[in-house]
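Throughout, protein chains are lettered first and strands after them, A, B, ... in sequence-line order, and every chain is numbered starting at 1. These numbers come from a predicted model, not from an experiment. Scope of the values below: all heavy atoms of this structure, side chains included, with no hydrogens, waters or symmetry mates.
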Amino acid sequence: MTTPLFALVDVNNFYVSCERVFQPKLEDVPMVVLSNNDGCAVARSAEVKALGVKMATPWFKLKDLAKEHGIVAYSSNYTLYGDMSSRVVEVLKKFTPNLEVYSIDESFLAIETVLKHYPDASHLGHLMKQTVKDTTGLPVCVGIGASKTLAKLANHLAKKHPQFAGVCDVESMPKAELYQWMTETEVGEVWGIGKRIAKKLHLLNIYSVFDLLQTSPQSLRQQFGVVMERLCYELRGVSCLQLEEVTPAKQQIVSSRSFGKPVSSMSELAESVATHVARGAEKLRSQHSVAGALTIFIQTNPFKPHEPQRHQSVVVPLADPSDNTLTLTTAAIEGLKQIYCSGFKYKKAGVMFSLLADKPTVQQSLFDDVAAKGKSAGLMKALDSINGRFGNTVLRTAAAGTKQDWVMRSGNRSPNYTTRWDELPVVQ
DNA sequence: TCTGGGGTCCTAGGACCC
DNA sequence: TCTGGGGTCCTAGGACCC
């Protein structure tokens with residue numbers, strides 16, 4: 001068996017680059033792409049990044065800087081980005097079918113099996129880069145390494161340092177050179193190390209990627225858990241994370257959105273919730289799942305701490321798991337009624353589908369089973385079975401012998417919900 | 001005035017069972 | 001009345017990713 005070799009292909013400033021493909025005059029113009037309601041900058045061009053603008057900076061905070069440097073802002077067009085994304089994947093699949101679509105702008109490729117057709121991995125990387133550019137117009141960087149984490153790191157180097165010309169293969173590099181790069185790269189840049197962990201690592205005098213690589217995986221496991229241990233092995237070139245070529249079905253599906261202007265009335269919230277249910281249900285059906293429960297949540301504006309804050313959510317278990325928009329909407333609106341409180345300015349609403357299953361008949365038959373047996377001899381066994389498979393929300397529903405059972409949570413601030421569990425009476 | 005929208009995995013502690 | 005161990009599952013919360 002050949003040792004694995006991963007390539008990570010990542011589009012530079014993806015949304016910005018998509019816009020530029022269709023408007024070449026924007027090339028070299030400092031620009032950002034804005035989130036829903038034109039709230040935040042969710043993509044920044046190289047020029048804007050160079051000005052120190054962070055991801056998700058609110059546009060209104062950028063206006064002065066924008067004036068000064070001529071930054072242009074575009075509203076996002078996710079249909080376009082989704083389409084461009086699949087085009088890139090199609091191009092990459094021609095190099096190897098062993099590909100994992102990691103995000104809208106990134107794919108991992110297993111390249112050890114196709115390497116024989118090329119002079120070396122770096123050559124292959126450059127070919128990928130050029131082909132994507134020629135076919136889609138999008139600029140990418142390629143990172144190559146013996147583990148996914150190393151491929152990620154290589155990609156980071158390729159992006160940051162012009163001498164790599166967009167392709168970095170850490171495996172072909174002399175070890176001394178690689179360690180030099182690792183010494184110069186902050187530990188927080190490693191895939192899987194965020195702000196919090198980086199801070200804790202600093203306390204242990206681990207500042208660079210190389211520092212981390214040298215730390216014993218066992219001691220990292222003790223202090224940080226298995227994820228960090230695995231990560232350390234990955235940095236040492238021991239591949240622990242495999243390519244996931246088949247995209248697994250989602251375990252939860254969320255649809256939520258901030259309002260442009262705060263809303264207070266039940267009718268406006270209901271309209272929004274209904275829209276989210278419809279969107280979510282569509283996603284649900286597209287992956288052939290049914291939801292066993294749904295969560296409805298509404299929130300006030302956390303950026304206005306002086307205004308009364310309210311973050312509420314309710315979980316509505318469904319006795320009959322469903323993907324039906326009408327059924328789900330009815331349940332959602334009932335839930336909304338439970339949590340709605342007038343007198344607040346709500347800024348965000350959404351719906352989450354959970355307890356997803358692709359075999360609704362199994363769950364239903366178990367439920368019927370319990371109902372038929374009553375709360376007696378065979379009950380515990382049946383409940384155990386349900387508990388094991390579908391979680392205790394469904395279990396409680398079954399145990400109560402009711403069709404619906406509500407679980408309420410409410411609180412004042414996110415994310416510190418002051419959780420209050422109320423088993424409300426059945427709503428018919 | 002205006003502040004994104006999705007997701008995942010892991011762990012600790014409690015409930016519950018035998 | 002007090003005392004037990006092993007195991008599984010759940011929830012909440014924390015951390016991360018793009």
Side-chain angles (χ1 to χ4, degrees), chain A residues 8 10-11 13-15 32-43 54-63 73 75-76 78 81-82 85 101-107 148-149 152 155 188-201 221 223-231 241 244 247-262 276 279-280 283 297 299-305 313 315 345 347-356 380-381 383-396 399 407 409 411 414-419 421:
Chain A
L8 176 67
D10 185 322
V11 182
N13 320 320
F14 183 53
Y15 299 165
V32 294
V33 172
L34 301 176
S35 66
N36 177 55
N37 294 325
D38 293 342
C40 296
V42 290
K54 300 274 178 256
M55 178 70 169
T57 305
W59 175 235
F60 75 88
K61 285 190 179 173
L62 282 179
K63 289 220 168 127
S75 299
S76 40
Y78 291 102
Y81 310 147
S85 175
V101 179
Y102 177 67
S103 77
I104 193 164
D105 70 333
E106 285 173 74
S107 290
K148 281 180 160 183
T149 306
K152 266 277 195 187
N155 190 283
E189 300 290 350
V190 175
W191 187 37
I193 296 187
K195 272 188 192 153
R196 312 285 173 99
I197 305 242
K199 230 178 202 174
K200 284 190 195 169
L201 288 171
R221 182 186 188 128
Q223 295 181 67
F224 298 93
V226 290
V227 180
M228 275 292 276
E229 182 194 24
R230 203 166 54 200
L231 199 150
L241 301 167
E244 285 177 31
T247 313
K250 299 214 186 316
Q251 300 175 35
Q252 55 178 227
I253 289 173
V254 178
S255 174
S256 72
R257 196 125 300 173
S258 299
F259 299 116
K261 284 180 186 168
H276 288 304
R279 264 187 18 120
K283 294 187 198 173
F297 53 91
Q299 300 171 358
T300 50
N301 190 343
F303 294 102
K304 295 192 169 173
S313 70
V315 182
K345 293 180 182 172
K347 186 62 183 163
K348 185 176 181 178
V351 170
M352 178 174 90
F353 294 130
S354 55
L355 293 179
L356 305 189
M380 284 324 299
K381 214 175 169 187
L383 286 184
D384 263 354
S385 166
I386 289 180
N387 193 22
R389 291 195 209 195
F390 303 109
N392 108 342
T393 311
V394 176
L395 181 143
R396 278 200 306 274
V407 184
R409 296 171 201 172
S414 179
N416 303 318
Y417 292 108
T418 46
T419 305
W421 295 90

If we check side chain to side chain contact (heavy atoms under 4.5 Å, CB included) with A/Lys250, which of these qualifies: A/Thr247, A/Val254, A/Ile253? A/Ile253
Which nucleotide sits closest to the side chain of [X]: [options]?
X        : options              : value
A/Arg196 : B/dT3, C/dC16, B/dT8 : C/dC16
A/Lys304 : B/dT1, B/dG4, B/dT8  : B/dT1
A/Asn301 : B/dT3, C/dC18, B/dG4 : B/dT3
A/Asp105 : C/dC18, B/dT3, B/dT8 : C/dC18
A/Ser255 : B/dT3, C/dC16, B/dG6 : B/dG6
A/Gln251 : B/dC9, C/dC18, B/dG5 : B/dC9
A/Ile253 : C/dC18, B/dG7, B/dG4 : B/dG7

Of A/Lys347 and A/Ala249, the one whose closest nucleotide on DNA chain B sits nearer the 5' end is A/Lys347
Can you tell me the distance, in whole Å, between the [atom1] atom of [X] and the [atom2] atom of [N]?
X        : N      : atom1 : atom2 : value
A/Ile193 : C/dC17 : CD1   : P     : 8 Å
A/Glu106 : B/dT8  : CD    : P     : 16 Å
A/Met55  : C/dC18 : CE    : P     : 10 Å
A/Lys148 : C/dC18 : NZ    : C1'   : 14 Å
A/Glu244 : C/dC18 : CD    : C1'   : 15 Å
A/Tyr15  : C/dC18 : OH    : C1'   : 8 Å

Under 4.0 Å, counting only non-hydrogen atoms across every strand here, what does [X] touch: a base, just sugar-phosphate, or nothing?
X        : result
A/Lys283 : sugar-phosphate
A/Val190 : sugar-phosphate
A/Gln252 : base
A/Ile104 : nothing
A/Asp38  : nothing
A/Ser76  : nothing
A/Trp191 : sugar-phosphate
A/Lys63  : nothing
A/Lys250 : sugar-phosphate
A/Leu34  : nothing
A/Tyr102 : sugar-phosphate

C1'-based separation of C/dC17 from B/dG4 [nearest Å]: 15 Å
Quick test: give all pairs of protein nitrogen or oxygen and nucleotides 10-14 of chain B nitrogen or oxygen below 3.5 Å, distance rounded to 0.1 Å.
none

Pairing partner (Watson-Crick or G-U wobble, both distances under 3.5 angstrom) of C/dC18: B/dG5
Whether A/Lys148 and A/Glu244 form a salt bridge (side-chain N of Lys/Arg under 4.0 Å from carboxylate O of Asp/Glu) is what I want to check. no
With the side chain counted from C-beta on, respond yes when A/Met228 and A/Lys200 share a heavy-atom pair under 4.5 Å apart, and no when they do not. no
Can a side chain N or O of A/Lys200 be found less than 4.0 Å away from OP1 or OP2 on C/dC16? no
